[in-house]
Engineer: 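Quick one: structure below, then a few questions.
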Amino acid sequence: MENSEPIIRIENVTKRFGHLKAVDNVSLTIKTGEKVVIIGPSGSGKSTLLRTINRLEEITSGRILVDGMDIMDRATDINRVRMEVGMVFQNFNLFPHKTALQNLTMAPVKLKKIPRQEAEKNALRLLKKVNIAEKADVYPTQLSGGQQQRVAIARALAMNPKIMLFDEPTSALDPEMIGEVLDVMKTLALEGMTMIVVTHEMGFAREVADRVIFMDHGAVVEEGTPEHFFKNPTHDRTKLFLSQIL
Amino acid sequence: MTQEKIIIDVGDGAAIPSKKDMGLFSAWRISFCGAIVLLIYLVISRPDPYLKIVKFLPDGIIVTFQVTFFSIGLALIIGLITGLGRISRNRIANAIASTYIEVIRGIPLLVQLFYIYYALGRFVRVPDMVAAVIAMSVCYGAYMGEVFRAGIESIDKGQTEAARSLGFNRTQTMFYVILPQAWRTILPPVGNEFIALLKDTSLVSILAVADLLRRGREFAAESFAYFETYTIIALIYLLITLLLSKLVSIMEDRLNYYGKF
Ligand SMILES: Nc1ncnc2c1ncn2[C@@H]1O[C@H](COP(=O)(O)OP(=O)(O)O)[C@@H](O)[C@H]1O
Ligand SMILES: [Mg+2]
């Protein structure tokens, strides 16, 4: 892990909403295969930072390189970048007019021109992987929250991304469904996926993260290994936050 | 983002029958059966002039259908483009669409019909029917544009974000993800527009288009049977409108059935 290449470079990135600096001069480098967990209080800019990586939010200043591509460069086709970066949302955002299987095949068929049969085969394999193959032909509204989120993860994986971004993937779930989603994410981590995860699940962070990042007021306050973080955090704000959440 | 309340309401009295109005004694059934019974009764009991009138009108009914059909098609296209223009980030497209809607809303349909008809006539020679269809569509396209806009805006932003994050561009997102969902919100008010449009096609009788109403006027002028002629005309419009509203409500049911979400 230590000697692998950086796949994401975030350099002095600031994102303003009017006067508010949602992300304030953040620099981060993420290596291929690395699992980074971002924690921090609500409103600290975690989602905004995550969303700048696939340009769902356009940065105000700074530079972001994803797999060597400068995402703010006019010459970069942002849609190409996005095909390499899967994203999982708090509210799943499955396409309600499509079945679970169609949710997975739509992008590969339309964007990568993969033959439908092949795309469906791959989709079924992924649905199996997230333990929900039996619901392939069901519409999202007929699925539980946990099931929907697993389908959403599979949908992102169907594009065969190099990086996966998770924005509080379990925050909208009933407690009994959190485990099934985290299990899927752990499997993905074991397979070597590069992952950036915004979450309040400290157990997951401890178990899976190579690095934990604590954000507050748009800035990275502290970063380090999970051991460092949970045993002896340096900053008072980190200590305070951890004491509140643990 | 401003939280705008989404109201899709077209208060022109055209009505798609609602579920609770159905059943044996529904208003729709009473009107429809009543109109047919009355029509048959009149024709049988007094063939002169009623049968003559009825025989004189089919050409006009066909023209009314044609104007309605083509105007709906063209108005849908104009409406979609206008709706997309209204939500566009392109200032110019946005301004054009908004102004178009504003202007159309501010001018009575009849005046618009005259204006477009004679304006067109000044520059190009087109058949009366084509001019009428263009005039109707330009007018109704503006109303449909607002319906499309509201329908598109009713779809959760998360849908766009999910699609964009997968790599769909704006256009693909619109056509693969947003519009297929928005259609369910759009159809009921658009269906009402269809019905209103059908009724408003009677205005083209003032131009030289031989639609149902114009045929009736011709017959009445020759026979002096004004009351009898307009009785039949009214009954036929009522029947056609009722049939169209039924069709629209069937389409809605289908949509609800297939897209269970
Ligand atoms: N689209 C937006 N417009 C204006 N302010 C926003 C927008 N998105 C987020 N913010 C603000 O930016 C700050 C960071 O938000 P966010 O990144 O969502 O925080 P977190 O995910 O850590 O809870 C918050 O103060 C939030 O209100
Ligand atoms: Mg957030």
Side-chain angles (χ1 to χ4, degrees), chain A residues 17 47 50-51 53-58 77-100 102-112 137-143 148 151-161 163-167 172, chain B residues 1-4 6 8 76 80 83-84 87-91 147-148 150-191 251-261:
Chain A
F17 292 110
S47 298
L50 199 69
R51 292 155 56 87
I53 294 170
N54 63 355
R55 224 176 96 179
L56 282 187
E57 301 287 358
E58 301 210 348
D77 177 1
I78 189 63
N79 295 315
R80 290 233 80 80
V81 179
R82 284 173 175 157
M83 288 185 212
E84 291 187 14
V85 183
M87 188 167 216
V88 176
F89 301 85
Q90 186 173 343
N91 296 316
F92 331 130
N93 294 339
L94 287 175
F95 304 133
H97 60 303
K98 300 278 176 188
T99 63
Q102 290 165 344
N103 263 276
L104 269 67
T105 54
M106 196 167 147
V109 169
K110 305 261 191 223
L111 297 174
K112 288 189 162 173
D137 296 321
V138 163
Y139 285 92
T141 45
Q142 292 159 275
L143 298 173
Q148 287 191 54
V151 173
I153 293 172
R155 176 178 67 178
L157 292 175
M159 287 299 277
N160 208 6
I163 302 160
M164 286 285 285
L165 309 176
F166 295 83
D167 191 359
Chain B
M1 203 180 141
T2 50
Q3 194 60 44
E4 201 178 326
I6 294 151
I8 306 184
L76 277 176
L80 176 60
L84 292 174
I87 56 165
S88 167
R89 290 199 297 192
N90 181 326
R91 293 245 174 102
V147 174
F148 272 97
I152 290 167
E153 285 181 346
S154 74
I155 304 302
D156 182 47
K157 252 181 70 201
Q159 292 293 308
T160 304
E161 292 185 348
R164 298 307 301 276
S165 77
L166 286 165
F168 287 105
N169 65 29
R170 287 170 141 275
T171 312
Q172 291 166 329
T173 301
M174 186 54 68
F175 283 93
Y176 296 144
V177 177
I178 306 301
L179 285 176
Q181 296 180 56
W183 189 232
R184 286 156 48 96
T185 323
I186 290 171
L187 186 61
V190 158
M251 266 160 60
E252 256 180 72
D253 282 351
R254 287 239 162 153
L255 217 55
N256 286 331
Y257 180 77
Y258 286 118
K260 268 194 180 167
F261 62 84

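Within every chain, numbering begins at 1; the chains are lettered A, B, ... in the order of the sequence lines, protein sequences first and strands thereafter.
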Engineer: Check each atom of A/Asn91 against the heavy atoms of chain B and say whether the ones under 4.5 Å are side chain, backbone, both or neither.
Structural biologist: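 Looking at A/Asn91, nothing touches chain B.
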
Engineer: Against chain B, label A/Met159 side chain, backbone, both or neither, depending on which of its atoms sit under 4.5 Å from a heavy atom there.
Structural biologist: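 The side chain, not the backbone.
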
Engineer: Under 4.5 Å between any side-chain heavy atoms of A/Arg51 and B/Glu161, yes or no?
Structural biologist: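 A/Arg51 vs B/Glu161: side chains touch.
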
Engineer: Looking at every non-hydrogen atom in both residues, tell me the closest pair between B/Leu166 and A/Ala156 and how far apart they are.
Structural biologist: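 Scanning both residues completely, I find the closest heavy atoms to be CD2-CA, 4.3 Å.
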
Engineer: Taking all heavy atoms of A/His97 and all of B/Val177, pick out the closest pair and write down the distance.
Structural biologist: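 Smallest interatomic distance, heavy atoms only, reads CE1-O, 3.7 Å.
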
Engineer: Measuring from B/Thr173:OG1 to A/Asn79:CG, what's the distance to the nearest 0.5 Å?
Structural biologist: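 The distance works out to 8.0 Å.
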
Engineer: Using heavy-atom distances under 4.5 Å, tell me whether A/Leu165 contacts chain B through its side chain, its backbone, both, or neither.
Structural biologist: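 It is neither, since no heavy atom gets under 4.5 Å.
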
Engineer: Answer whether the closest heavy-atom distance between the side chains of B/Gln159 and A/Pro96 falls below 4.5 Å.
Structural biologist: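 Sidechains of A/Pro96 and B/Gln159: in contact.
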
Engineer: So for A/Phe95, is it side chain, backbone, both, or neither that comes closer than 4.5 Å to the heavy atoms of chain B?
Structural biologist: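 Interface part for A/Phe95: both.
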
Engineer: So which heavy atom on A/Leu56 is nearest to which on B/Arg164, and how close?
Structural biologist: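 In terms of heavy atoms, the two residues are closest at CD2-CB, 4.2 Å.
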
Engineer: So which heavy atom on B/Ser165 is nearest to which on A/Asn54, and how close?
Structural biologist: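 For B/Ser165 versus A/Asn54, the nearest heavy atoms are CB-ND2, 3.7 Å.
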
Engineer: So which of A/Met83, A/Arg155, A/Arg82 has the biggest tally of heavy-atom pairs under 4.5 Å with chain B?
Structural biologist: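 The candidate making the most pairs under 4.5 Å is A/Arg82.
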
Engineer: With sequence neighbours excluded, what pairs up with B/Phe168 under the ring pair (Phe, Tyr, Trp, His ring centres under 6.0 Å) test?
Structural biologist: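 Counting only residues at least two positions away or on another chain, B/Phe168 forms a ring pair (Phe, Tyr, Trp, His ring centres under 6.0 Å) with B/Tyr176.
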
